[in-house]
Amino acid sequence: MRFLAADELLGRRTGEQGNLVAARYIAEQFRKLGVVPVPGNGANNSTYFQSVPFEKMGSNGSGEIIADAEIMKSGEDWILMNGEAMSIKAPIVYASFGLENAAKNQDDYKDLDVKGKIVLVESGTAETQTPREIINTSNEKRKIAMDKGAVAIIELFNAPIPWNIVTKSFGGEKLGLAETEGAATKSIPHAWVNGKEAKYARALRAVKEVEFKTAGRKSQIVGSYNVVGYIPGSDPKLKEEYVLLSAHYDHVGVGKQGGQPFTAEDSIFNGARDNAFGTVALLTAAEALSKNPPKRSVLIVALTGEEVGLLGSKYYAAHPLLPLNKCIFNMNSDGAGYNDTTIVSVMGLERTGARAEIEMACKAFGFGVFADPSPEQGLFDRSDNVNFAKEGIPAPTFTPGFKEFNGDIMKNYHQVSDNPETIDFNYLLKFSQAYTYATRLIADRKVAPQWSVGDKYEAAGKKLYGK
Ligand SMILES: [Zn+2]
């Protein structure tokens, strides 16, 4: 805890030095504790690292879009979602929603020639203007425009949310999974213009030519790692199956990266609770289970990229180092914090078929278990376990104790105050032990846990395990 959440690790932001040091630390802890690399990972089974390539896009820079008398400023009236620096005056062509969908008989580019021109489109679809739908269709719109030879795309953003939230959420530095490990993807400039300003929409639709000047958003490939260790099971047959332990070790970084208040004296988002806490539980399990292995094998994955959209687990689930259908259970540990040290909270306790083992393990360390403290927050689907659940693996998240999202949780959640000095180490120890013991009980079970009947991931489970 004191190392992972130390100031020197600078908030462990994915792809940055402190994040890489944390990954190295975890790998060397695995080595020291007798946890081995996954058979087949690296030459001579030599590495604990699974390389995860990210693409980092810089924050929105300066620029102007000029349509006749209307001058729209970057960062105020529009933000650049992607693209290189450019300064151009070109014809503008309106292409409705900018989508092509043969199944729906939709071709918004019918009879349009956009080669060398700027394309103007509406956000979302004719049916929906939810932020989610706009985000889901936005990249596709850019790709279609690029394929057709357009030099830029302007999208009139029309979701019913305040524009300043849009600029705040999308204007900063962005990390995504890289499509390839090599070079960053090339893109034409793609602007979201505040569609609520009727005069802008009107001007853009009325003019024949538009001036588009932007400093661009620079893309670069940055690397990070999932750190993966393996403990072979003790039962000659059951060892073919395994329990997957996961916890993310990344956090949000320093200063502006944190997105929350900071001072000159303390600008480091140490992420002690979120999620050095769970990482300590993972290392505790590594130590105890390698000394005295359970019947089934245990795969331990310290995940990167959680804070930037559950991306380390998304990458792992798409590139597993052991077959997922041999994984009987995922015990994830992640947390925002705690305000009740008499309990452990488990998102998905009642859904994932191992309630008895989890309760027994917690009881052994004096804890009660609290299931899904605030179902309305949808916490089950907000941590890395969801990427394994989607594959069909029963996957709860084991979380430090809280019954409500208030008080001490809000005080420290994603704040600079979330540092090791404010951690209850006695609670951390017992929490980690309970996590380890629950894992042991599950890995020793006669039959694998199953999703509850009717659970939204039950069908995925049947598909994965072929039952
Ligand atoms: Zn977090």
Side-chain angles (χ1 to χ4, degrees), residues 50 52 132 136 177 226 228 241-250 274-275 278 281-282 285 296-336 344-359 369-400 435 438-439 441-443 445 447-467:
Q50 176 183 49
V52 185
R132 180 184 295 265
N136 284 347
L177 285 176
N226 291 326
V228 189
E241 297 179 342
Y242 64 96
V243 172
L244 167 64
L245 300 185
S246 61
H248 78 87
Y249 70 88
D250 68 297
D274 184 10
N275 184 31
L282 210 62
R296 287 185 185 78
S297 300
V298 177
L299 186 71
I300 309 179
V301 186
L303 294 160
T304 191
E306 191 271 352
E307 301 288 3
V308 288
L310 315 180
L311 297 183
S313 53
K314 185 177 179 189
Y315 186 86
Y316 184 88
H319 305 89
L321 298 180
L322 289 177
L324 292 180
N325 64 1
K326 297 288 178 199
C327 177
I328 65 153
F329 199 78
N330 166 227
M331 185 82 133
N332 184 50
S333 183
D334 189 9
V344 165
S345 302
V346 180
M347 317 307 136
L349 179 72
E350 283 139 343
R351 298 167 54 184
T352 49
R355 181 179 186 153
E357 287 80 6
I358 292 172
E359 285 183 341
V369 184
F370 197 80
D372 292 346
S374 25
E376 76 285 353
Q377 293 237 23
L379 295 175
F380 184 92
D381 288 345
R382 280 172 57 184
S383 184
D384 292 304
N385 62 311
V386 71
N387 282 322
F388 302 114
K390 281 179 187 164
E391 298 292 331
I393 299 165
T397 292
F398 199 86
T399 296
Y435 175 78
T439 303
L441 291 171
I442 293 163
R445 265 174 67 139
V447 292
Q450 305 290 329
W451 287 103
S452 297
V453 175
D455 194 275
K456 72 172 175 174
Y457 298 113
E458 187 193 15
K462 287 194 165 142
K463 192 172 161 222
L464 178 69
Y465 302 117
K467 289 179 201 163

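Along the sequence shown, residues are numbered consecutively beginning with 1. Side chains included, hydrogens not; waters and symmetry mates left out as well; all remaining heavy atoms used.
In this structure, the side chains of Y316 and L321 come closer than 4.5 Å at one or more pairs of heavy atoms. For the pair R382 and V386, the minimum side-chain heavy-atom distance is 4.5 Å or more. Looking at V52 and L311, their side chains never come closer than 4.5 Å, going by heavy atoms from C-beta outward. Put simply, the side chain of L177 reaches to within 4.5 Å of the side chain of K314, judged on heavy atoms. The closest side-chain heavy-atom distance from P396 to F329 is below 4.5 Å. The closest side-chain heavy-atom distance from R355 to V369 is not below 4.5 Å. Within the 4.5 Å cutoff, the side chain of Y315 has no heavy atoms near those of the L303 side chain. In this structure the side chain of L349 never reaches within 4.5 angstrom of the side chain of F370, judged on heavy atoms.
Annotation for S383 and D334: closest pair OG-OD2, 2.8 Å, computed over non-hydrogen atoms. Contact detail for A389 and A395: the closest heavy-atom pair is N-CB, 4.1 Å. Of all the heavy atoms in D250 and E307, the pair that sits closest is OD2-N, 2.9 Å. Here the closest heavy-atom approach between residue P449 and residue I442 is recorded as CG-CG2, 4.1 Å. Across all non-hydrogen atoms, the minimal contact from L322 to Y242 is O-OH, 3.3 Å. In terms of heavy-atom proximity, I393 sits nearest to N330 at CG2-N, 3.6 Å.
One finds the OG1 atom of T399 at 10.5 Å from the OH atom of Y435 (value rounded to the nearest 0.5 Å). Between the CE atom of M347 and the CG atom of L379 there is a distance of 5.5 Å, given to the nearest 0.5 Å. Distance check, rounded to the nearest 0.5 Å: OH of Y465 to SG of C327 gives 5.5 Å. For the atom pair CZ (F398) and CD1 (I358), the distance works out to 7.0 Å, reported to the nearest 0.5 Å. Of the inter-residue distances, the one linking E241 atom CD with R445 atom CZ reads 11.5 Å to the nearest 0.5 angstrom. Atoms OG and CG, on S313 and N226 in that order, are 8.0 Å from each other to the nearest 0.5 Å.
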*With side chain to side chain donor-acceptor pair (under 3.5 Å) as the test, would you mind laying out the steps for D384 and S246 before giving the verdict?*
CA-CA 8 Å; D384 292 304; S246 61; over 6 Å; no
*With side chain to side chain donor-acceptor pair (under 3.5 Å) as the test, would you mind laying out the steps for T397 and N385 before giving the verdict?*
CA-CA 6 Å; T397 292; N385 62 311; 2.9 Å; yes
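Checked by atom type and distance alone, the side chain of T352 never pairs as donor or acceptor with a backbone atom of W451 at under 3.5 Å.
Here salt bridge (Lys or Arg N to Asp or Glu O under 4.0 Å) pairs that include residues 447-459, with residues two or more places apart or in two chains, are R351-D455, D381-K456, E458-K462.
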